[in-house]
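The structure appears below as structure tokens.
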Amino acid sequence: AVNAYGLKKSECVMIGDTKYDICGAAGAGIDSIAVTYGYGKTEDMKAAGATYMADSVKEIAEILGAYKW
């Protein structure tokens with residue numbers, strides 16, 4: 001998607017609920033927000049190197065509001 005839409009990696013963030021989402025973001029060279037209320041395990045996402053952790057949609061909004069666009 002980054003290449004297809006001509007985006008800069010610094011303008012992208014992956015929001016996911018499994019370690020596979022976090023690993024995919026890392027593999028693409030973009031930041032990630034791991035949501036703790038989804039399918040995956042919090043510990044696994046932390047171990048995978050999530051850039052941010054969010055316990056709610058409100059926290060996602062707060063992270064995105066402070067994001068370095």
Side-chain angles (χ1 to χ4, degrees):
V2 172
N3 294 333
Y5 290 100
L7 302 172
K8 296 177 187 171
K9 291 182 180 185
S10 63
E11 297 174 331
C12 299
V13 62
M14 169 70 158
I15 301 171
D17 67 347
T18 69
K19 66 180 178 181
Y20 303 107
D21 299 323
I22 305 310
C23 289
I30 63 174
D31 286 347
S32 59
I33 301 174
V35 297
T36 61
Y37 52 87
Y39 178 77
K41 296 181 180 178
T42 301
E43 304 82 32
D44 292 343
M45 292 184 288
K46 283 182 182 178
T51 311
Y52 304 97
M53 301 293 293
D55 296 325
S56 67
V57 174
K58 181 180 178 183
E59 284 188 25
I60 294 172
E62 291 169 357
I63 292 166
L64 293 175
Y67 199 70
K68 56 184 186 313
W69 305 107

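Atoms considered below: every heavy atom in the structure, side chains included; atoms not considered: hydrogens, waters and symmetry mates.
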#### Entry: Atom OH of Tyr20 with >12 non-hydrogen neighbours under 6.0 angstrom
no
### Message
So, using side chain to side chain donor-acceptor pair (under 3.5 Å) as the criterion, who are the partners of Thr42 when residues are at least two apart?
### Response
none
### Message
Restricting to side chain to side chain contact (heavy atoms under 4.5 Å, CB included), what partner residues turn up for Ala25, sequence neighbours left out?
### Response
Met14, Ile30, Ser32
### Task
For Lys19 and Met45, work out which heavy atoms get closest and say how close.
N-CG, 3.7 Å
#### Entry: Asp21: side chain to side chain donor-acceptor pair (under 3.5 Å) partners, not counting sequence neighbours
Thr18
### Task
Drop me the distance from Ile22's CD1 to Ile15's CD1, to the nearest 0.5 angstrom.
10.0 Å
#### Entry: side chain to side chain donor-acceptor pair (under 3.5 Å) against Asp44, all qualifying residues, sequence neighbours excluded
none
Which atom pairs, donor and acceptor, lie under 3.5 Å between side-chain atoms of residues 56-64 and protein residues at least two apart or in another chain?
| unit_1 | atom_1 | unit_2 | atom_2 | d |
| --- | --- | --- | --- | --- |
| Ser56 | OG | Lys58 | N | 3.4 |
| Ser56 | OG | Glu59 | N | 3.1 |
| Glu59 | OE1 | Asp55 | N | 3.1 |

### Task
Kindly compute the distance separating OH (Tyr39) from CG (Asp17), expressed to the nearest 0.5 Å.
9.5 Å
Show the atom names and distances, to 0.1 Å, of all donor-acceptor pairs under 3.5 Å that link a side chain in residues 1-8 to residues at least two apart or in another chain.
none

